[in-house]
Amino acid sequence: MASSSMQKAASSSYSPPQWKYDVFLSFRGKDTRNNFTSHLYSNLEQRGIDVYLDDRGLERGKTIEPALWQAIEDSRFSIVVFSRDYASSPWCLDELVKIVQCMKEMGHTVLPVFYDVDPSEVADQKGNYKKAFIEHKEKHSGNLDKVKCWSDCLSTVANLSGWDVRNRDESQSIKKIVEYIQCKLSFTLPTISKNLVGIDSRLKVLNEYIDEQANDTLFIGICGMGGMGKTTVARVLYDRIRWQFGGSCFLANVREVFAEKDGLCRLQEQLLSEISMELPTARDSSRRIDLIKRRLRLKKVLLILDDVDDEEQLQMLAAEHGTFGPGSRIIITSRNKHVLDSHGVTRIYEAEKLNDKDALILFSWKAFKRDQPAEDLSELSKQVVGYANGLPLALEVIGSFLHKRGLREWKSAIDRMNDIPDRKIIDVLRISFDGLHELEKKIFLDIACFLKGMKKDRITRLLDSCGFHADIGMQALIEKSLIRVSRDEIRMHNLLQKMGEEIVRCESPEEPGRRSRLCTYKDVCDALKDSTGKIESIFVDLPKAKEAPWNMTAFSKMTKLRLLKIHNVDLSEGPEYLSNELRFLEWHAYPSKSLPACFRLDDLVELYMSCSSIEQLWCGCKISVNLKIINLSNSLYLTNTPDFTGIPNLESLILEGCASLSEVHPSFGRHKKLQFVNLVNCNSFRILPSHLEMESLKVCTLNGCSKLDKFPDIVGNMNCLRELRLDGTAIAELSSSFHCLAGLVLLSMNSCGNLESIPSSISGLKSLKRLDVSDCSELTNIPENLGEVESLEEFDASGTSIRQPPASIFLLKNLKVLSFNGCKRIAVNLTDQVLPSLSGLCSLEELDLRACNLGEGAVPEDIGCLSSLRSLNLSRNNFVSLPKSINQLSRLEKLALNDCVMLESLPEVPLKVQKVKLDGCLRLKEIPDPIKLSSLKRSEFKCLNCWELYKHNGQNNMGLNMLEKYLQGSSPRPGFSIVVPGNEIPGWFTHQSKESSIRVQVPSNYIDGWMGFAACVAFSAYGKSPLFCHFKVDGKENYPSPMYIGCNSMQALSDHLWLFYLSFDYLKELKERENEAYTELELSFHSYERGVKVKNCGVRLVNSPYTPSWQSPTGRLIVASKEAASSYIDSLANSSYCQWMHDVFFSFRGEHTSNNFTHLYTALVQRGIIRGDTELEYLRVIESSLLRDIKESGLSIIKFARDYACSAWWFDELVKIVGFMKKMKSDTVFPVSAVSYNVEQSRVDAQAESYTIVFDKDEEDFSEDMEKVRRWMDILTEVAISSGSESSKRVNGMDWPVGNRFHGTDMEFLLNFRKKVLEENELDIDFEFDVTLEEN
C-alpha cells in the first residue's frame, strides 16, 4: 500500500538509508578525548554498537572533510559532547552544522551531552562560548552568515533532550547513555517503502478516529483480511504522530511472537523499555503486567499492537482501559474483528482494497520501477490488477516476480497463477484459515467452491441442513475478514476464493476424484472416469453449452455428494443414481423425464431444474420435509406437479414457462407453508383448485395464463397475500370473496380482455396501494366505493372503456399516480365537458390524461392546486389553450403535450420544469420564455414538427433565441436543450464542422471566465430512433451516459436543429472531475438507426457573465490592402492551420485606448474570438500568462496609440509577438496586423515626437541594457504601417488602418476576400470579421 506523492507533513513515510554506523561521536578532542569520550566510546563498543570516532574511523588516503560528512550521513545517532572549549573549534562547529542538517533532512537523531558546561551557556552563547564567537566574528568578518549558522545550530542542539553529566558519577552517566542507545537500536522498526500508493485516504479516515484533540484514552482498531496493508498504514501513522506523545512503542507481529517460547516476556520487555527506558526485573508475567500499569498509568503514550488474534494477548500486554495516561492512543491491527469488539474497541477502521487506478500504480512500481506499465505489457498488467482485486500483497508479490521478464514469460505466469496461485500470497492468506474451527473451515470451503454470491439466508439454510451450525460459523468468517455481506449476498475476495480452491486441490493434486470438492469442468471430467466416495460438491457452470461424454454410472459412487450444480453441459442421458445426501440440486437441461426412482429427498433443500426434459418429478407421493424451493421453469414437457402433501415445508414454487402444464395437484390449494407461486406464461394452464386456503402465501403471479378464466374463492385466512398478478388471463370477473384479502397491496389485471367489472367488495381491501386494470378493453365501470380504499396510491385505468370515473377517486388523499391514458369515452360523458375538481388529490405526483379527447376548457382551472405533481401528460388532446394555473405547479418537472394539434399557445411553465414535450403541436406559435427557469437540473424543450412555431419565431434563429434567453437567467444555469425545425447552424456558433463530431479547445482559466459551452447539430430523422451526443474529455470517454433526444414518439417530417448548453460545473458532476482540469472537449453525434442522419454541427464556449448577441455593440474591422488580403487568402489555402488556444491577441496601450477605441475589442469578444473584459483590467498582474497567450494565439492585432511607446511593458509584449512570428514555420499562418489609432503612421515608423521623447527617456532608464531599447525601436519600425500610400502596403501580412476609404475598383475584390475567408471552414478557422466598404 503506497503514495509516492505523499508530503512529509501528511505522514512520515520517508525511508531512511541503511545505516553504516549506529553512533557518530562529536567532541572537542583536547577537552574530552582522553577521559569522558574515550570511556563512552569503549562502553558503546563493548555492547556491540558501531561507533564512528572522528580521529579513529578515517580510512587511510581519505580526505578528512568529505569522509567525515559521509560518516555523519551514514550514522543513526549523533552524540554531541559539549565541553568548555567546544565552540572555539571551527572544525567542531562545521561538524555540528552537518549533524543538524542530517537531523532535519534525514531523520537523524541528535543527543547532546553537557560535560563541563551549563546547557544555557551553549544555547545562549555565554561565558567561554561568547568569547569564542567574538573571535570567530573578527576572524570571519567577511562571512558572518557562517558564524550565524554556527550559533543557530548550537542553540538548536542545546535545546534537545539529552544528559547533563556535570558533578555526577561519570560511569553511571555513561551507563545510562549506552542503555538508552542500545534500547533504541534493539527496537528499531524496519523501514517503509517510500512509494506508498493509496495511503492518503486511509490516513485521512484514521486521523478522524484518532481525534488528536481528545484527552481521553482511545482504543482504535484496524481490521481486514491478510495482505490488505493494515500493518503498513499503522506504521506510517505511528511515524507521523509519535512525536506528540511522551512515549511510543510499536509491537510488531504480536500473534507470531506470542506463540514463541518467551515471546510474551520479550513483548512485555519491549513495551516497558521503549516507553519508560526501564527493563523489568520481574520474571513472572503477571508482575510485569503490574509494573507496566504502574509505570504508564500517568504517561501519554502511543502504542501499536500489530497482528493481534486473541484477546488474551491484549490482556497480557496490559492493553486495557485505565492502564495509560490521558491522551493516550492504543492502535490494534487484527484480522479478527471479534477480538476488537470483545475488547471494547468502538473505533474500528476496516482496511479497504486499492481501487484499480492505485492498484495499477503499485503494481507498476514493483514490475517496472515506475508508476505506469510498459506499453507492450499494459493489457497484461491490467489482467494482473483484476486478478489481485486491490490486494496490495498480491500486487507486490506478482509485480516483483514479473519484473524484467519478457512477454511470453508474462503470459505463461498469468496462466499458471490462474490455475495455481502464488505460494507467498496463499501462505499469508492461509493464516486466517488455519485458525478456524473445523466446521468453520468446511463452511469456508463450501462458500469458496460453491456458494459464493448466494443470499446469506439461503447459504445459512443449506449449511444448517449439513449440520455446520452456519450462523456462528459464518459470523466467525465475517469477523476474520474471510467473507463479507454485500446487499444480503455473501461475497469473498477472489484471492481468498483461489486459496480455498487451492486448499482443496492440495488434498489430491493428481487425482481430482479423491478431492472433497470439484469446481472446474476438467476436474469433473477426470473425476467421473474414476470417482471415489470423497466428493462432497460439484460445481460446473460453463459460459455456453458443451457436449460432455460423461459416465453417468460414476454418480453411484458419490455417496457423500451434498451440493451439485451443472449448467450448460449437454448430456444424452441422466444419472440412474443420485446421492441421498444431496442438499442442493441444480441441473440445467436435465435430460431425463424424472428423477431416479431410488433417489430419496429426505435432506434435499433446494431443487432447480430449469429447461429440463422432466415430465413429472416423481411418481406417487414422496416425503421431503426439508425441501423449500422447486424451480422447474421452462420445462416444456412438464404435465404434472407432485403431490404437495409430501412437501409440507415448501416455500417457493416456480413453474414459469411450463407450456404443457394444464393444472396443479389439488393439494396445492391447501398448502400451509407456500409463500411464492410463479406460473407465468403457462399458456395451457386452465384450472386452479376451486378454493384457496394458503395462509402463508405472499406473492402469486399468474401473468400470461391466457386460458385461466376463473380465480378461486378465498377460504379462511389469507391475510399474508401481498401481491396478486393476473395480467393477460381470461378472467371475466372476480369473486366477491376478494374482500378477504385484507393484506393485499398490489392487484394487477393488465390486459385482461374479458374483464367487464370490478366487484364492489374491492372496498374491503384496506391495504391496497396499487390497482392496475390498464388495457382491459371491456371494462366500462369502476365501483363508486373505490374511493373508500384510502390506502390506494396508484390507479391505472389506461386503455379501458370507462365512461364516467367515480367522483370518489378524485378525493383519494394518498393517491400518487393516476392514469386514464387512451380513455377516449371519458370526455363524452363529462358533466359540462369538464373534468371533476382535482383539488382533493393533494398527494398526486403523476397525472396521465393522454388521448382522452379533452376539448377546450376540459382541464379544470384548479389543476394548479396539485402541489405535489411532478409529471403531467396531456398529449393527443384537442384543447386550444391550457389554464394559466399550470404555472403554479411548483414541483412539476415533466410536461408532455405531444400531438395537441389544436394547441396555439402555452402559459408560463413552472420554474423547476425540466422537460417540456411539444412534438407535433402544429398550430403552436409561441412557447414560454425560459429565462425564469431555475431548475438545478437541465431543462429541455422538444418541438419536433412545430411548423407554426418555426415560422413565427425567426426560423433558424428561434432555437438560438431561446438558448440565449435561458443564459440570461439567474444562476445556476446547469443546462438547457431545445429541438426545433431548422437546417442551418447559426453563425453564433464559432466552431463549426460538416462532420458529425467537433472538437474545441477549453481555455486553461475556464473556471474563472467561462460558464460552459453551447452546441448545435442539424439532423434529419426519417425513422423513429434517438439521436445521441457523446462527450470526450482530453480524448477519453469520460461520460458513459450520453445526452440524447428521442425521435421514437413520432417521425420528423423535415430537418431539425438540436441546440443545447451545458455548464462546466455540470460536466464536473458527470464523472466527479472536481479536482481535474481539461484542455479539449469533443462532441460526437450519432444514432444507432439509419433513419437519423447528422448534417453538420457547431459549438461555442460561453463566457461569464453572458451578454446576448443582440445587446452587443457592433464593431467594424476595415480591410484596406489588396496585396495583404491576397497574401492572407493564399496562406489560408496552402497552410496547415495551427490549432491556436486563442484566436486573437490584442495589444494596446490601455491608458489611451481601452476606454474609447473598444468597438474592435467588443466585436471580437462578441464572436468568441478573445476572452472577456476582466483581462483589460488585470493585464499587468498576469505577465507570464499574457506572454503565453501571445504564443497560443492565431492572430495578433497591435493598436498603436499616441503613447504606446511610453510603456516598457507593451514593448516587451511587442517583442514577444514578433519573435514568435519569426520562429513559426513558413507554412503556418500567423498574421500580425497593425492599427494606427490617434497617431500618424510616420511618427510610429520614425519614432518621431512623443515616440522620440519616449525613446530618449528609455535610453536613460535602461542605460545598462541599451540592446533591449534598440530591439524595441527596430521591432516598432518593422511592424509599423508604412507611410506614403493610401492603400498602405504591408511588410508582414495585412494592413488594417482605421478610416481608410476604398475606391470602387476595390469593392469587388474585398467582397470576394470576405467570402473566401468565411468559406474556409475545413481549416477550423475561428476568426470572423465584417468588411465595411465606404464609398468616396
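Scope of the values below: all heavy atoms of this structure, side chains included, with no hydrogens, waters or symmetry mates. Because the structure is predicted, anything quoted here is derived from the model rather than measured.
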*asked:* Checking Glu926 now: which residues fulfil side-chain contact (heavy atoms from CB on, under 4.5 Å) with it, not counting sequence neighbours?
replied: Ser905

*Should Val1092 and Phe1028 be marked as a side chain to side chain contact (heavy atoms under 4.5 Å, CB included) after you check the CA-CA gap, both sets of side-chain angles, and the distance that decides it?*
CA-CA 10 Å; Val1092 178; Phe1028 290 91; over 6 Å; no

_Holding to side-chain contact (heavy atoms from CB on, under 4.5 Å), I want the full list of residues that pass it with Ser843, two or more places apart in sequence or in another chain._
none

*Supply the atom-to-atom distance Glu846 CD to Lys894 NZ, rounded to the nearest 0.5 angstrom.*
7.5 Å

_Candidate pair Phe976 and Leu967, rule side chain to side chain contact (heavy atoms under 4.5 Å, CB included), full reasoning_ = CA-CA 9 Å; Phe976 179 78; Leu967 293 173; over 6 Å; no

*CG of Leu889 to CG of Leu847: how many Å apart, nearest 0.5 Å?*
10.0 Å

_Minimal non-hydrogen separation, Pro907 against Pro928, with atom names_ = O-CG, 3.1 Å

*Is there a donor-acceptor pair closer than 3.5 Å between any side-chain N or O of Ser1063 and the backbone N or O of Gly1012?*
no

_Close side-chain approach of Ser939 and Pro930, heavy atoms under 4.5 Å_ = no

*Can you name the closest pair of heavy atoms from Ala797 and Thr800 and give their distance?*
O-OG1, 2.8 Å

_Spacing of Leu903 atom CG and Ile927 atom CD1 [to the nearest 0.5 Å]_ = 11.5 Å

*Applying side chain to side chain contact (heavy atoms under 4.5 Å, CB included), run through Arg923 and Met902 and close with a yes or a no.*
CA-CA 6 Å; Arg923 296 189 181 184; Met902 306 297 291; 3.5 Å; yes

*Listed by chain and number, what are the side-chain hydrogen bond (donor to acceptor under 3.5 Å, both in side chains) partners of Glu1082, not counting sequence neighbours?*
Arg999

Result block: side-chain N/O donor-acceptor pairs under 3.5 angstrom for residues 809-821, not counting sequence neighbours:
| unit_1 | atom_1 | unit_2 | atom_2 | d |
| --- | --- | --- | --- | --- |
| Asn814 | ND2 | Glu790 | O | 2.8 |
| Ser819 | OG | Ser798 | OG | 2.5 |
| Ser819 | OG | Asn821 | N | 3.4 |

*asked:* Restricting to side-chain contact (heavy atoms from CB on, under 4.5 Å), what partner residues turn up for Glu948, sequence neighbours left out?
replied: Lys925, Lys951, His952

*Side chain to side chain, Val859 and Leu849, heavy atoms closer than 4.5 Å*: no

*Closest approach of Gly787 and Ser808, non-hydrogen atoms and distance?*
N-OG, 3.2 Å

*How would you list, by chain and number, every residue that makes a side-chain hydrogen bond (donor to acceptor under 3.5 Å, both in side chains) with Asp727, sequence neighbours excluded?*
Ser748

*State which residues pass side-chain contact (heavy atoms from CB on, under 4.5 Å) with Asn983; sequence neighbours excluded, sorted by chain then number.*
Asn956, Asp1055

_Over all atoms of both residues, closest heavy-atom pair of Ser890 and Ser867_ = OG-O, 4.1 Å

*With a 4.5 Å limit on heavy-atom distance, are the side chains of Val980 and Met962 in contact?*
no

*Close side-chain approach of Ser993 to Cys1097, heavy-atom, < 4.5 Å*: yes

_Just verifying a value: how many Å separate Glu964 CD and Leu960 CG, rounded to the nearest 0.5 Å?_
4.5 Å

*Output yes when a side-chain donor or acceptor of Asn877 lies under 3.5 Å from a complementary backbone atom of Ser875, and no otherwise.*
yes

*When the ring planes of Tyr950 and Trp947 are compared, do they come out parallel, tilted or perpendicular, using 30° and 60° as the limits?*
perpendicular

_Do Asn853 and Asn878 pair up side chain to side chain, a donor and an acceptor below 3.5 Å, judged on atom types alone?_
yes

*Any side-chain heavy atom of Phe1060 within less than 4.5 Å of one from Arg938?*
no

*Distance-only, no hydrogens or angles: does the Asn898 side chain make a donor-acceptor pair with backbone N or O of Gly920 under 3.5 Å?*
no

*Does anything in residues 861-880 pair up under salt bridge (Lys or Arg N to Asp or Glu O under 4.0 Å), and if so which pairs, sequence neighbours excluded?*
Arg870-Glu893

*Which heavy atom of Leu882 sits nearest a heavy atom of Leu906, and at what distance?*
CD1-CD2, 3.9 Å

*Please lay out, stage by stage, how Val1099 and Leu1081 fare under the test side chain to side chain contact (heavy atoms under 4.5 Å, CB included).*
CA-CA 10 Å; Val1099 70; Leu1081 180 65; 5.8 Å; no

*Does the Arg973 side chain pair with the main chain of Tyr966, one donor and one acceptor, at a distance under 3.5 Å?*
yes

*Answer whether the closest heavy-atom distance between the side chains of Leu1027 and Val979 falls below 4.5 Å.*
no

*Residues forming a side-chain hydrogen bond (donor to acceptor under 3.5 Å, both in side chains) with Asp848, sequence neighbours excluded*: Arg850

*Measure the CG-CG distance between Asn873 and Leu897 for me, rounded to the nearest 0.5 Å.*
8.0 Å

*Main-chain N/O of Leu866 paired to Gln888 side chain as donor or acceptor, under 3.5 Å*: no

_Taking side-chain hydrogen bond (donor to acceptor under 3.5 Å, both in side chains) as the definition, give me every residue that meets it alongside Ser881, ordered by chain and number, with sequence neighbours left out._
Glu856

*Indicate yes or no: at least one non-hydrogen side-chain atom of Phe795 is less than 4.5 angstrom from one of Val789.*
no

_Under 3.5 Å: donor-acceptor pair, side chain of His1056, backbone of Val1017_ = no

*asked:* I'd like to check the salt bridge (charged side-chain N to carboxylate O under 4.0 Å, His left out) partners of Glu794; sequence neighbours left out, ordered by chain and number.
replied: Arg770

*For the residue pair Ile985 and Leu1057, establish whether any side-chain heavy-atom pair is separated by less than 4.5 Å.*
yes

*Going by the angle between their ring planes, with limits at 30° and 60°, are Phe1013 and Phe1031 parallel, tilted or perpendicular?*
perpendicular

*asked:* Please enumerate all residues that pass ring pair (Phe, Tyr, Trp, His ring centres under 6.0 Å) together with Phe1085, with sequence neighbours excluded.
replied: none

*Rounded to the nearest 0.5 Å, how far apart are OG of Ser977 and CG of Leu963?*
9.5 Å

_Which heavy atom of Cys1029 sits nearest to which heavy atom of Trp1058, and what is that distance?_
CB-CH2, 3.9 Å

